[in-house]
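For ligands, and for the atoms within them, numbers begin at 1 and follow the listed sequence. Worth knowing before you read on, the calculation uses all heavy atoms, side chains too, and leaves out hydrogens, waters and symmetry mates. Small disclaimer: the values here were computed from a predicted structure and weren't measured.
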Amino acid sequence: MHAFNLQPKTLTLAERLADLAVDALIDEADLSPKPALVDRRGSGAHTDLHLGLMHASALALWPAFKEMAEAAIEIGEIGLPLREAIGLIGREGEQAMLATTNGVNTHRGAIWALGLLVAAVALEPESSAAGAIALRAARLALLDDRYMPRPLSHGAQVTQRYGVRGAREEAQLGFPAVIQRALPQLKRSRAAGHGEQNARLDALLAVMTELSDTCVLYRAGEEGLHTMQLGAQAVLDAGGSASLSGRRRLHELDQQLIALNASPGGAADLLAACLFIDRIESGDCLIQGVI
Ligand SMILES: CC(C)(COP(=O)(O)OP(=O)(O)OC[C@H]1O[C@@H](n2cnc3c(N)ncnc32)[C@H](O[C@H]2O[C@H](COP(=O)(O)OP(=O)(O)OP(=O)(O)O)[C@@H](O)[C@H]2O)[C@@H]1O)[C@@H](O)C(=O)NCCC(=O)NCCS
Ligand SMILES: Nc1ncnc2[nH]cnc12
């Protein structure tokens with residue numbers, strides 16, 4: 001008799017989706033060098049975050065993602081019952097995150113974006129084109145959860161002050177930053193042979209060129225947002241993160257954003273969403289079902 005059970009464990013669809021969501025969060029956190037964000041080099045513009053905390057937070061969210069997928073499978077259709085079920089699980093996920101991080105907001109936006117996307121895939125796993133997944137997630141996000149608390153969050157404050165879209169609207173529009181920016185750039189940079197890490201950095205930069213990231217706006221106002229958008233475009237125009245010139249621009253952008261205390265946390269969440277969708281779209285992850 002062996003001390004360990006060496007039989008491969010067959011995972012349910014919900015477990016597999018939770019694995020993929022957590023993997024996407026860990027890959028996003030590990031990707032380096034990201035401008036002013038937590039990565040393998042350090043904490044960027046943050047004083048209360050570090051890589052270990054991002055990993056712990058990502059792992060603590062696994063049960064919430066699994067439960068959101070299970071709710072989608074059980075309820076089986078887009079409507080208020082599913083919207084309110086995943087809203088409740090999302091709020092519990094936020095509590096699990098805050099308990100793990102001692103009250104630090106590591107992944108609030110990611111729970112929202114990935115939660116909707118996990119549910120959207122679980123509803124129709126065979127419909128795995130990026131646009132179709134994003135559309136189902138948008139239809140869920142458009143439903144009004146009667147139990148959603150309406151605090152004057154950082155995002156709510158700056159979307160009102162500057163008249164921009166925040167995390168809620170990004171989801172309701174079907175994640176344009178992911179579908180129209182990040183995924184096409186990821187594929188272009190891969191096709192150009194830039195290497196996977198550079199392709200992911202370029203995808204992040206593509207999001208940053210246009211996103212109204214409410215974390216940046218809250219911390220650094222319009223100056224911060226313009227610096228982020230123009231600086232990200234400058235890196236891509238210089239040849240992207242795989243080129244020497246692009247790397248120099250990326251370093252400059254990192255320094256500028258840190259000096260402004262501007263952290264593109266919303267863009268980071270959307271990169272994780274992009275990596276999640278990319279793996280679903282590539283196909284074999286869901287069929288495997290075995291670790
Ligand atoms: C609908 C909600 C997303 C709430 O949105 P709202 O805008 O009202 O609330 P915020 O608390 O501001 O959180 C939004 C988070 O979304 C990310 N984000 C920002 N801009 C965008 C954008 N344009 N598109 C998409 N996503 C965006 C961002 O999250 C990341 O940044 C956080 C770290 O930032 P940091 O500045 O360090 O932290 P703070 O604590 O805010 O400030 P400091 O004190 O440190 O300065 C980190 O969380 C990243 O993930 C925004 O923070 C949704 O959350 C909601 O309603 N939830 C309720 C439960 C529910 O229904 N869930 C549904 C389950 S699917
Ligand atoms: N890598 C990161 N650094 C800071 N905030 C984040 N929010 C999500 N990912 C992040």
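For H107, no nitrogen or oxygen atom sits less than 3.5 Å from a nitrogen or oxygen atom of ligand 2, counting backbone and side chain alike. Below 3.5 Å of separation, one finds no N or O of Y218 facing any N or O of ligand 1. When only interatomic distances are considered, the shortest N/O to N/O separation between G155 and ligand 1 falls below 3.5 Å. In terms of N/O distances under 3.5 Å, ligand 1 is not approached by L270.
If you look at T106 next to ligand 2, the close heavy atoms, those under 4.0 Å, all belong to the backbone. With a 4.0 Å heavy-atom cut-off, ligand 1 is reached by the side chain of H46 but not by its N, CA, C or O. Of the heavy atoms in M97, none comes closer than 4.0 Å to ligand 1. At a heavy-atom distance under 4.0 Å, only backbone atoms of T106 (N, CA, C or O) approach ligand 1.
Salt bridge status for E252 with R248: absent, with no side-chain N to carboxylate O gap under 4.0 Å.
Selection from E170, R108, R168 by nearest heavy atom to atom 55 (C) of ligand 1 gives R108. Which of A177, G266, A167, A85 comes nearest to atom 22 (C) of ligand 1 through a heavy atom is settled by distance: it is A167. Closest heavy-atom approach to atom 33 (C) of ligand 1 within the set N105, L49, V158, V164: this belongs to N105.
Of the inter-residue distances, the one linking D145 atom CG with R83 atom CZ reads 4.5 Å to the nearest 0.5 angstrom.
When only non-hydrogen protein atoms are considered, atom 30 (C) of ligand 1 lies nearest to D269 OD2, 3.0 Å. With respect to atom 3 (N) of ligand 2, the closest heavy atom belonging to the protein is V38 N, 2.9 Å. Given atom 51 (C) of ligand 1, the protein heavy atom at minimum distance is C215 SG, 3.8 Å. For atom 8 (C) of ligand 2, the closest heavy atom belonging to the protein is D269 OD1, 3.3 Å. Summary of contacts: the protein heavy atom closest to atom 59 (C) of ligand 1 is R91 CG, 3.5 Å.
For the side-chain contact (heavy atoms from CB on, under 4.5 Å) with Q185, the qualifying choice from L205, D202, L204 is D202, the only one to do so.
Using a 4.0 Å cut-off to heavy atoms of E28, the atoms of ligand 2 that qualify are 1 (N), 2 (C), 8 (C), 9 (N), 10 (C).
A distance-only check finds no donor-acceptor pair linking the side chain of K34 to the backbone of G44 [under 3.5 Å].
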